[in-house]
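Some notes on the structure that comes next.
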Amino acid sequence: MSGGGAGTRDGVERARLDLERGHPRRARERLQGVLVARPYDLQARALLGEAYRRDGQWAEAGRWGYLVRPAASECERVAFERHAAFGWRRRIERSRLRHLLRVDELESVADEAGIVRLRTLGDWRRPGDPGPLVERLGLARWVGSVVRG
């Protein structure tokens, strides 16, 4: 991978300055760019949550701090769950959370409290959907044949 390191660090520092100067929208734009390059950057995720919090966007603040205790309040986490859950399900599930947090491995963006929270979440998948780990290992065709019987 080229680039990434210093540029994303600069992006996080610039976003922090944007927040100090009262520009949360500009900070969010910078941090979203950082997270495209480095999706597992916990500092950028926490700062993005803070940028949304400053604009009163509780569900989005809860999204970016969902699995890290000091990065989001319980009220923000609940707002995010209510916003992100769909259909008849009342709680968000791991597969949807992976999509919303833009990571394959949720444990990589969680602290101890977040790991505990993950244990309480279901992991619904459509029949025949092997999931990201199986796809990455190249076993999707084999799993699909087993599911179809």
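Keep in mind that the numbers below use all heavy atoms, side chains included, and drop hydrogens, waters and symmetry copies. We count residues from 1, following the sequence as given.
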Test side-chain contact (heavy atoms from CB on, under 4.5 Å) applied to Arg45 and Val109, step by step: CA-CA 9 Å; Arg45 286 173 172 276; Val109 293; 3.5 Å; yes
If only atom types and distance count, is the side chain of Arg54 paired as donor or acceptor with the main-chain N or O of Leu19 below 3.5 Å? yes
Closest non-hydrogen contact found for Leu67 with Leu106 is CD1-O, 3.8 Å
Residue pair Val34 / Ala44: nearest heavy atoms and the distance that separates them: CG1-CB, 3.9 Å
Roughly how far apart are Leu101 CG and Trp64 CH2, rounded to 0.5 Å? 6.5 Å
Pair Arg14 + Glu20, salt bridge at N-O below 4.0 Å: no
Testing the basics here: between Pro70 and Asp111, what is the closest heavy-atom pair and its distance to 0.1 Å? CD-OD2, 3.8 Å
Give the C-alpha distance, both sets of side-chain angles, the deciding distance and a yes or no for side-chain contact (heavy atoms from CB on, under 4.5 Å) between Gln43 and Arg16. CA-CA 10 Å; Gln43 184 181 19; Arg16 189 180 315 282; 2.5 Å; yes
Can you tell me if Glu74 has over 12 outside heavy atoms packed within less than 6.0 Å of its CD? yes
Please round to the nearest 0.5 Å and tell me the distance separating atom CZ of Arg28 and atom CG of Leu47. 11.5 Å
Heavy-atom pair of closest approach, residues Ala71 and Gly65: CB-CA, 3.7 Å
Is Arg69 atom CZ crowded by more than 12 heavy atoms from other residues, nucleotides or ligands, each under 6.0 Å away? no
Taking the side chain as everything from C-beta on, heavy atoms only, tell me whether Leu97 gets closer than 4.5 Å to Leu118. yes
Can you list the steps and then say if Leu31 with Arg26 is a side-chain contact (heavy atoms from CB on, under 4.5 Å)? CA-CA 9 Å; Leu31 291 164; Arg26 190 177 309 155; over 6 Å; no
What pair of heavy atoms forms the shortest contact from Ser108 to Leu42, and how long is it? O-CD2, 4.1 Å
Residues Asp18, Arg30: salt bridge by 4.0 Å N-O rule: yes
Arg94 bridged to Glu107 by N-O distance under 4.0 Å: yes
Given 3.5 Å as the limit, does a donor-acceptor pair link the side chain of Asp55 with the main chain of Gln57, or not? no
Compare every heavy atom of Ala27 with every heavy atom of Ala15, then report the nearest pair and how far apart it is. O-CB, 3.5 Å
When you check the gap from the basic side-chain N to the acidic O, do Arg96 and Glu93 get nearer than 4.0 Å? no
In plain terms, say whether Glu81 and Arg77 are close enough for a salt bridge, that is, a side-chain N and a carboxylate O under 4.0 Å apart. no
Any side-chain heavy atom of Phe80 sitting closer than 4.5 Å to one from Leu100? yes
For Tyr40 and Glu105, run side-chain hydrogen bond (donor to acceptor under 3.5 Å, both in side chains): C-alpha distance rounded to whole Å, both residues' side-chain angles, the deciding distance at 0.1 Å, then the answer. CA-CA 9 Å; Tyr40 296 97; Glu105 299 175 24; 5.3 Å; no
Nearest 0.5 angstrom please: Glu76 CD to Trp58 CH2, how far? 6.5 Å
Look up atom OG1 in Thr120 and atom CD1 in Ile115, then write down how far apart they are to the nearest 0.5 Å. 11.5 Å
Can you confirm if the NZ or CZ of Arg63 lies within 45° of the ring axis of Tyr52 and under 6.0 Å from the centre of its six-membered ring? no
